[in-house]
There are 2 protein chains.
Amino acid sequence: VLRINAASRYYRDGDAEIRALDEINLTVHAGEFVAVMGPSGSGKSTLLSLAGALDTPTRGEVVLAGANISALNATGRAAVRRRHAGFVFQDYNLVPALTAAENIALPLELDGMSVRQARRAARAALIDVDAVELTDRFPDQMSGGQRQRVAIARALVGERSLLLADEPTGALDTNTGETIMRVLRARIDAGAAGILVTHDARHAAWADRTVFLRDGRVTDETGTAAA
Amino acid sequence: VLRINAASRYYRDGDAEIRALDEINLTVHAGEFVAVMGPSGSGKSTLLSLAGALDTPTRGEVVLAGANISALNATGRAAVRRRHAGFVFQDYNLVPALTAAENIALPLELDGMSVRQARRAARAALIDVDAVELTDRFPDQMSGGQRQRVAIARALVGERSLLLADEPTGALDTNTGETIMRVLRARIDAGAAGILVTHDARHAAWADRTVFLRDGRVTDETGTAAA
Ligand SMILES: Nc1ncnc2c1ncn2[C@@H]1O[C@H](COP(=O)(O)OP(=O)(O)OP(=O)(O)O)[C@@H](O)[C@H]1O
Ligand SMILES: Nc1ncnc2c1ncn2[C@@H]1O[C@H](COP(=O)(O)OP(=O)(O)OP(=O)(O)O)[C@@H](O)[C@H]1O
Ligand SMILES: [Mg+2]
Ligand SMILES: [Mg+2]
């Protein structure tokens, strides 16, 4: 589903070069769940945005669902991303003018699904993340953790082949966090590929293997990687 | 420093009444560090915004540094808040057009401090949160945890008598989180009063006592409360 080959992402800051990612290799197959851990600023969110074709590498290549994203323009990348990736952003990124259900239904309506069907799927996703009472609430009427759960629900609809979750339990208490991990694991077992960025080792434990980043590089890898 | 007396905060949602907080009592003295824990949606952020005069209670009263905030208008509350409270918001709330150092210096410049002096204090705060390399970066050039640390540094300048931190370590790895807790604890020991909202029991352990919220009410309290 995803192959990242010697990918790097550099930024210019004045005359300094910031190596957000440096020569990263990562492959994730269908049904595989990879956790990514590392200090603040180590490149985790950058890795996820390359994986989901939100950004292009400065060097190396990213192949998502067979498409080399460096070969695409912004429109091409958006098309690949919309069909294949479900994103949970670190800052949630909900549409302020839409209710929780409308936010969740949006990717499905963009897929061409009827509003009626999309709303039904949105309701099911809200039940999964234990947030059905939030259906008609707007983002500014919800708590941080409630917005996070709605963002998770949005990533779960439409059976995307690659789930990319950037610290999806950061604003959640332990119990709610466990509920979310169970839902994510079920999705992977049903065939999705998943990358979970987390600071919580107990959540990383739900994955099949964990990759450790530091200063834009992979420093370690643990867990039962496919032999 | 802070006395909350039978305070409630209700919202209208159509014809439903949402009790974000219901009859809360809380007193925090100088040098006292209180942690607040509870499930997502239980009222923690709401409690912090009442404590810091960002919001007024629907019932009951909030007295901050001797001022009854229900008796003040928005301008009056802003004045009390600016002088007495240092806030770390759940979504950081940095000014996008200002660099890290400028964001941190802003409360001091609003206090009337010279730009030169304010920048020096901002640099010291950046050192405290281990983020001095971010001095001239803009918020959109920083990672989630980097923004969070800048938000923390901003709350620490100006020796505010009440520190209000809403999940300030949510986006931080364990080591960086420990650094932040040590800095907060040092501030409390130096005389500030502090309320820390957290989902992490290991961070709550740095406080003198922990208050547990559920559905807008206090359900439990633990720790060595002042006898
Ligand atoms: N404008 C609003 N209209 C309706 N309900 C609201 C509004 N703002 C907040 N609420 C509700 O008030 C309750 C408490 O919210 P609060 O943000 O204090 O929770 P919290 O404990 O901080 O949660 P989290 O851990 O998820 O950040 C939630 O159920 C929330 O949905
Ligand atoms: N536009 C930019 N210009 C300069 N540096 C940037 C820019 N965007 C990101 N960076 C830097 O790239 C590095 C990696 O950022 P990234 O957001 O991937 O970190 P992260 O591991 O997700 O951190 P966190 O755990 O704090 O969310 C950081 O040092 C960050 O400051
Ligand atoms: Mg990040
Ligand atoms: Mg909150």
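Just so it is clear: chains get the letters A, B, ... in the order the sequence lines come, proteins before strands, and each one is counted from 1.
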Contact origin within B:Ile18 toward chain A - heavy atom pairs under 4.5 Å:
side chain
When you scan chain A against chain B, which donor-acceptor pairs turn up at less than 3.5 Å?
{"from": "A:Asp13", "atom 1": "OD2", "to": "B:Arg137", "atom 2": "NE", "distance (Å)": "3.4"}
{"from": "A:Ser40", "atom 1": "N", "to": "B:Asp173", "atom 2": "OD1", "distance (Å)": "2.7"}
{"from": "A:Ser40", "atom 1": "OG", "to": "B:Gln146", "atom 2": "N", "distance (Å)": "3.4"}
{"from": "A:Ser40", "atom 1": "OG", "to": "B:Arg149", "atom 2": "NH2", "distance (Å)": "2.8"}
{"from": "A:Arg137", "atom 1": "NE", "to": "B:Asp13", "atom 2": "OD2", "distance (Å)": "3.4"}
{"from": "A:Gln146", "atom 1": "N", "to": "B:Ser40", "atom 2": "OG", "distance (Å)": "3.4"}
{"from": "A:Arg149", "atom 1": "NH2", "to": "B:Ser40", "atom 2": "OG", "distance (Å)": "2.8"}
{"from": "A:Ala171", "atom 1": "O", "to": "B:His199", "atom 2": "NE2", "distance (Å)": "2.9"}
{"from": "A:Asp173", "atom 1": "N", "to": "B:His199", "atom 2": "ND1", "distance (Å)": "3.3"}
{"from": "A:Asp173", "atom 1": "OD1", "to": "B:Ser40", "atom 2": "N", "distance (Å)": "2.8"}
{"from": "A:His199", "atom 1": "ND1", "to": "B:Asp173", "atom 2": "N", "distance (Å)": "3.3"}
{"from": "A:His199", "atom 1": "NE2", "to": "B:Ala171", "atom 2": "O", "distance (Å)": "2.9"}

Can you tell which of B:Ala201, B:Ala16, B:Ala171, B:Gly177 has the highest number of heavy-atom pairs within less than 4.5 Å of chain A?
B:Ala171
Heaviest contributor of heavy-atom pairs below 4.5 Å to chain A, chosen from B:Ala131, B:Gly43, B:Pro39, is B:Pro39
